[in-house]
Amino acid sequence: MFSSFSALSGRRRAPAARLAAATMVSGLAVTGTLLTAGPAVADATPQQQGGATATIGGLKTYGAAVVHGDDGDQQLSAGLFEMSVDNGGTLQTYSVDLHNPTQKDAKYQETSWSGTSLGGNKDAGRIRWILQNSYPQVNDLATLAARAGAAGLTEQDAAAGTQVAIWRYSDGADVDAMDPRAEKLADYLEKSARNLAEPHASLTLDPPAVSGHPGERLGPVTVHTDADSVTVIPPADAATSGVRVVDQDGEAVTSAVDGGQVFFEVPEDAPDGSAALSVQASTSVPVGRAFTSDSRSQTQILAGSSESTVSATATANWAATGPVPALSARKNCAQDGVDITATNKGDEAFTFELMGFEHTIEAGESRTVTIPLQEDQPYDFTILGPNSFEQRFAGVLDCETQGSAGGDEVQTLSEPSPALAGDTSADGVNLAETGSSSATPMIAGIAIVLLVIGGGVVLLVGKKEPHGAGPRE
């Protein structure tokens, strides 16, 4: 039925069960003196480059759909989820990850398409068109019904039809809405969709990490936002450390606008150390932004937003002599891994080894290294550098749309459980599981740690089986 989706619908995760959360191995700096300045902030994760953070609540407006598969038909709920934004705001989202479960109360972070299955999906822009031209962005149901030829369209029909159309593009799914009006809307949206560009993030800082020497202005860090302005929050210990957030003229900064640049001004007599600033704003998150969860909960795409709190953080690292690294990372689904960008603003080369390859960042240079990972693989690694430098990156690589443990099993959360026609189909096919899923057991893990040894950094990788686990193929 949907031959244009053959490349997408043919994708499958590896049949092996899902990998477990990685365990970070503690590292030890074996050279250099640990100074009085505290270690760098070490709790950022690659996919969290700024924007909205929210908790999913469940399906709020939905209807019924049926997915046609090799093993028969499966009924499930289809519609709008609702999320509560940290520090204020509400989001409405649709799923773009049909064959993965949605974990109740999972935490989500606004994410670029490149960190999700949308990054490699040539039809991702069509999904954005559907979002902008259907419910809830178009909340005049009479107008929407007239366009689709679906007289009597209800909110539930509109939500179900929109979700079905999205699944056809996001997952290459052979899926239909069970209500004829919702199905007419889904067909109209699928046929009418056009490719649109990925929306900009609600708030990011670029780059998210800078470095340099005491007595300098470290940066610039550029603000990117669709908010009218953002509040700039200085380092927590600014009063005692003397580190200030300033503009290019050295004037203190308390707010900024899109395109504005801020700097860390570090006193000349400051001991080697680090600091972090954050920015915060209230704005509507752009329709079409992706949201992912490190709990392996179903990837979502934004359909509507109230005024919501968004934030971003940037770090600075400084030292008087030697290598002075600045590290940042983000998921790269096109390369099946995590990109680590290392910049060295010191006066000596910074050398490290990743996955058996040695990389040297000369003074004043920058380089990005991709750490390859398997689909569904959790990672948690820490990079230790000179002068108490420490940076941790953690997350789960979630780049595909097919469930690994359950094949094509369809799972979605609904709250409350929808009343579909009967508890099972005529062929005995169970309705899709609702509520938080238990189908995500973690059964394996990796431990990755970067240690400073002499002048270099070494990556250690190991696999650990859980108690009672048999050999893996």
Side-chain angles (χ1 to χ4, degrees), residues 1-13 15 58-59 61-81 93-103 117-118 121 123 126-127 130 134 156-191 193 296-301 398 400-415 417-440:
M1 178 178 179
F2 305 107
S3 59
S4 63
F5 304 112
S6 58
L8 286 174
S9 60
R11 288 189 346 193
R12 296 291 185 273
R13 286 193 175 120
L59 279 169
T61 307
Y62 57 87
V66 57
V67 179
H68 310 290
D70 295 339
D71 297 328
D73 293 348
Q74 189 170 16
Q75 297 177 15
L76 73 161
S77 303
L80 272 173
F81 289 84
T93 63
Y94 288 105
S95 160
V96 287
D97 200 4
L98 172 61
H99 294 286
N100 278 322
T102 301
Q103 307 293 341
S117 60
L118 297 173
N121 184 341
D123 292 314
R126 298 182 189 275
I127 297 173
I130 291 171
S134 191
Q156 291 75 21
D157 296 333
T162 305
Q163 177 65 93
V164 166
I166 289 171
W167 276 335
R168 292 174 182 175
Y169 281 117
S170 66
D171 293 72
D174 185 356
V175 57
D176 297 310
M178 295 186 68
D179 186 281
R181 294 165 299 193
E183 176 64 11
K184 285 184 178 180
L185 176 61
D187 289 344
Y188 158 74
L189 294 171
E190 180 192 6
K191 181 182 295 185
R296 288 294 297 112
S297 190
Q298 193 177 73
T299 303
Q300 303 282 308
I301 192 165
D398 179 14
E400 299 183 14
T401 60
Q402 300 291 345
S404 60
D408 284 342
E409 182 181 4
V410 178
Q411 301 189 58
T412 187
L413 177 149
S414 65
E415 193 178 46
S417 178
L420 302 183
D423 291 335
T424 59
S425 72
D427 296 328
V429 179
N430 289 328
L431 296 179
E433 180 178 335
T434 60
S436 57
S437 170
S438 60
T440 56

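Quick note: residue numbers are just sequence positions, from 1.
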Between [X] (side chain only) and [Y] (backbone N and O only), is there a donor and an acceptor less than 3.5 Å apart?
X      : Y      : answer
Glu183 : Ala177 : yes
Asp174 : Val67  : no
Arg168 : Ala173 : no
Ser297 : Gln103 : yes
Gln298 : Ser95  : no

Query raised in the report: So, do Thr102 and Phe81 sit near enough that their side-chain heavy atoms are less than 4.5 Å apart?
Result: yes

Query raised in the report: So do Leu189 and Thr162 actually touch side chain to side chain, heavy atoms under 4.5 Å?
Result: yes

Requested in this report: Determine the minimum heavy-atom distance between Ala186 and Ala165, stating which atoms define it.
Outcome: O-CB, 3.7 Å

Query raised in the report: Do you know the tightest heavy-atom contact between Ala159 and Tyr94?
Result: O-CE2, 3.4 Å

Report summary line: The side chain to side chain contact (heavy atoms under 4.5 Å, CB included) partners of Ala158 (sequence neighbours excluded) come to Tyr135, Leu141, Leu144, Leu153, Leu185

Spatial distance of atom [atom1] ([X]) from atom [atom2] ([Y]) [nearest 0.5 Å]:
X      : Y      : atom1 : atom2 : answer
Asn121 : Arg126 : CG    : CZ    : 10.0 Å
Leu118 : Asp123 : CG    : CG    : 10.5 Å
Leu80  : Gln156 : CG    : CD    : 10.5 Å
Ile127 : Trp167 : CD1   : CH2   : 12.5 Å

Query raised in the report: Listed by chain and number, what are the side-chain hydrogen bond (donor to acceptor under 3.5 Å, both in side chains) partners of Arg181, not counting sequence neighbours?
Result: Asp157, Asp179

**Report entry** Glu190 bridged to Lys184 by N-O distance under 4.0 Å
**Finding:** no

Requested in this report: Please report the C-alpha distance between Asn100 and Thr299 in whole Å, then the side-chain angles of each, then the deciding distance to 0.1 Å, and finally whether the side chain to side chain contact (heavy atoms under 4.5 Å, CB included) criterion is met.
Outcome: CA-CA 8 Å; Asn100 278 322; Thr299 303; over 6 Å; no

Query raised in the report: After noting the C-alpha distance and the side-chain angles of Asp398 and Arg296, does the key distance pass the side chain to side chain contact (heavy atoms under 4.5 Å, CB included) rule?
Result: CA-CA 7 Å; Asp398 179 14; Arg296 288 294 297 112; 2.7 Å; yes

Query - Intermediate values then yes/no, side chain to side chain contact (heavy atoms under 4.5 Å, CB included), Tyr169 and Val96 - result: CA-CA 9 Å; Tyr169 281 117; Val96 287; over 6 Å; no

Report task. May I have the step-by-step check of side chain to side chain contact (heavy atoms under 4.5 Å, CB included) for His68 and Asp176, ending in yes or no? Result -> CA-CA 8 Å; His68 310 290; Asp176 297 310; 2.7 Å; yes

Requested in this report: Return yes if a side-chain donor-acceptor contact under 3.5 Å exists between Ser117 and Glu400, otherwise no.
Outcome: no

**Report entry** Check: His99/Asp171 side-chain N/O donor and acceptor closer than 3.5 Å
**Finding:** no

